[in-house]
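Presented below is the structure to which this report refers.
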Amino acid sequence: MVETGIPKLDEFLGGEIPEGKSLVYYIQPGVEGEVFGLQTVYTELKNGRTVVFVVSSSSPNSIKGQFAQFGWDIELFKNNFFLVDAYNSLIKAPSKEKYVVSNPENIEDLSKIIMDVMKELPKSTIVFGSLSTIIDLCGEKETIEAIKNWNKYAILYDHAMIYNFTAWPYSQETLDSIKNVLFNAVIAVGGIADRVIFGQYFWILKSDWIKESRKSMLKSDWTKKSRKSMLFRVSRPGGITLFIPKILITGAYSAGKSTFLHAISTQAVSVDRLGTTVALDRGHVEHKGFSAEIFGTSGQERFTPIIKLLSGESMGVFLILDSSNTKDFIQAKEMLQITKSYGLPYIVIANKQDLPGALTPEEIRKHLDLAKDIPVVPTVAKDKIGIFEAFEILLEKITGGM
Amino acid sequence: MVIIINCFNIQLPPTISVKCVTIDFNIVSTEECIVEVSLTTNADLIILGKKEKMNDYTFGIKELDNIVDGLTKGKNIMLIGPPMSGKEIVLYNIMYYGASKNDNGIITVTTREPATHILDWFKEHNLDLPMSRIGIIDCLTKTIGSNEVENDNIKITNSPVDLTGIGVKISQFLDEFYMKKNIRKNQLHINSLSTLLMYSNIQTVFRFLHVFTGRIKGAGALGIFVLESGMHDDKDINTLKQLFDGIIEIKSETDKNFIRVIGLSHKPTPWFHYEIEGANIKMVE
């Protein structure tokens, strides 16, 4: 089974990349997209597959250092990891690798080595570190012809082909054929730019192996504004983590919102006075390939305008209830109305399950008259029980989990 | 009643014998200065102030800055000259004045000297750089096998071939300066295009520059791109020139160096004969 190792992406691609298929990361210049290819290399090595990495823009040694930056020790896999060195000859340096391209500016030299690799090695994942560099060195038309050939032989020998491609302003023809024709799947990796690039995202531009039924699900889900693309960050160590800029925690007074936020966060601050939150809590969560910024509001009614303010740009909401205190459910319901009116994905946290008289999640569902698709998750925030399950459930809702 | 708000501490003529109120405040924007004052009835208000001509960016070389009136936001400039003519010192002057006097962020891509050497140069000449505004992208260190590490000011790329990596690091510094540090005026210096052209062909470098000169325009920044003269085809230089708004040109004649600026004033500036004195560019009459 071939996987990209990018959180959520494999799921969106139907669980795996079939052997013989090709995938390109189509990267906007200036966006840290080449990490995608590196992460795929490491994931595949961990999966026990043979991996070939074609190095075109830096020496094999510095590539090894790059993996180390992310905390990925590729030395552990040296028996099934092969580098094609298409760089050192360029700067007239000697190479220690088994596969060396004698003239990286000649596409035929490169192609010959790639073909050798395909014939000699067992079913592998072949990752090109920088297709754009190959195009720069060998020419647009020449490289496109070569890619067609490589992808054809990949089908024959059951290799999976993964390419990093930075979309510099090549001819429209080249860009079009990379985007639409040459590869089975295209993952766009772009930047949210105003005057500078300040956020990074990816989304599936194309994938020809996802079943039609699945595709329609993807389409309907992904056309929704907030789900069109996944925001990501590059962490060192860690690699690509998906990023949710804002999750809101709300609920009635003393339901345990701050406790929940602090329990789930790797870092958090609160503005507290006399034991209760008066303005807002702020936390940062890192969990299973996701990172998220979490904002908690005060439960006191006079702070309701802040909830409205914060709801506007949130991507999801935790509504926290003190399961043992039904009289506060009315206020909780009002807060629910506010978030509902913004159409945000939300889940209900049935907190303080350890207290006597705590209602069960089902009882709470009835009390609040919640639809069946709204999850009610039992937790004891002070003991960190159930909170990460709750986080994962909300993420599923936000990312359009299937 | 006459109220005088003396915005810029202008010397008042002695004939004005009113009580003068001087208000100290910071000018946030150099483009325009808006003062809001509400007055009770029957009051006159005089605001004394002059709008000084402030350029967003300067060369730090007085003679050139006085003539050139167009060093506004979003300009891309080629700095071209022969070897050993002091191009680097000119560039370092632009860097120093940008960071220290104009409070700009400076992002330098270096392919010729390791980042630490550049910083040492400023230290040796007792020029204090505000380090929070300095970002250096070092394309050399890994190629020569040195073990320098990245820090807040220095990012290291794989090699001068790795234009993608260089581009990513430029974007990261721009994001950091513009969004996180709120530095709205930034300068990108690339020293030098000649090295990039040694490793990649002209089309590749052109595509890279096409993207980043565009970003400079979009971000209202200033771009300075150094090119060695006498090393490249005229055809290649002319191809690259299309990307630039102006040129700082340096020539050497019989051991004398001259500098002029083309394209940033209605006609090229005259050639100025200059000498390097320590860290300074000194014009010779």
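In this text the structure is predicted, and so the values were computed from the model without any measurement. In what follows, every chain begins at residue 1, and chains take the letters A, B, ... in the order their sequences are listed. Values reported hereafter were calculated over all heavy atoms of this structure, with side chains retained and with hydrogens, waters and symmetry mates removed.
- Within the 4.5 angstrom heavy-atom criterion, no atom of A/Glu105 approaches chain B.
- No other option in B/His210, B/Gln203, B/Arg215 has as many heavy-atom pairs under 4.5 Å with chain A as B/Arg215.
- In this structure, A/Ser58 and B/Asp162 have side chains that are not in contact, with every pair of non-hydrogen atoms separated by 4.5 Å or more.
- Taking the side chain as every heavy atom from C-beta outward, A/Asn61 and B/Lys142 never approach each other to under 4.5 Å.
- Heavy-atom contacts from other residues, nucleotides or ligands closer than 6.0 Å to CG of B/Asn238 number more than 12.
- There is no contact between A/Ser59 and chain B, counting heavy-atom distances below 4.5 Å.
- In plain terms, the two heavy atoms of B/Val211 and A/Pro29 that are nearest each other are CG1-CB, 4.0 Å.
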I would like to know whether B/Arg207 and A/Glu140 meet salt bridge (charged side-chain N to carboxylate O under 4.0 Å, His left out); could you show each step before the answer? CA-CA 13 Å; B/Arg207 282 191 287 261; A/Glu140 300 184 30; 3.2 Å; yes

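- With a 4.5 angstrom heavy-atom cutoff, A/Ile27 does not touch chain B via any of its atoms.
- Neither the backbone nor the side chain of A/Gln200 comes within less than 4.5 Å of any heavy atom of chain B.
- Heavy atoms of A/Tyr170 lying under 4.5 Å from chain B belong to its backbone as well as its side chain.
- Looking at A/Glu34 and B/Lys169, no side-chain N of the basic residue comes within less than 4.0 Å of a carboxylate O on the acidic one, giving no salt bridge.
- Counting heavy atoms of neighbouring residues, nucleotides and ligands inside a 6.0 Å radius, atom CG of B/Asp233 exceeds 12 of them.
- Screening B/Thr164, B/Leu163, B/Val168 for a side-chain contact (heavy atoms from CB on, under 4.5 Å) involving A/Thr166 leaves a single residue, B/Thr164.
- Counting non-hydrogen atoms of neighbouring residues, nucleotides and ligands closer than 6.0 angstrom, the NZ atom of B/Lys181 exceeds 12 such neighbours.
- In this structure, B/Asn201 contributes its side chain and A/Asp136 its backbone to a donor-acceptor pair below 3.5 Å.
- No more than 12 heavy atoms of other residues, nucleotides or ligands lie within 6.0 Å of CD in A/Glu173, so this atom counts as exposed by the packing criterion.
- With a threshold of 4.5 angstrom between heavy atoms, B/Phe206 does not approach chain A through any atom at all.
- By number of non-hydrogen pairs under 4.5 angstrom with chain A, the leading residue of B/Ala221, B/Ala219, B/Gly220 is B/Ala219.
- Between A/Ser62 and B/Asn158, the closest heavy-atom pair is OG-OD1, 3.6 Å.
- For B/Ile170, no part sits under 4.5 Å from any heavy atom of chain A, backbone or side chain.
- For the set B/Phe212, B/Tyr199, B/Phe208, B/Phe177, the entry with the most heavy-atom pairs within less than 4.5 Å of chain A is B/Phe208.
- Within a 6.0 Å sphere centred on NZ of A/Lys64, other residues, nucleotides and ligands contribute more than 12 heavy atoms.
- Residues B/Ser159 and A/Ser57 approach most closely at OG-O, 2.8 Å, considering heavy atoms.
- With a 4.5 angstrom heavy-atom cutoff, B/Glu176 does not touch chain A via any of its atoms.
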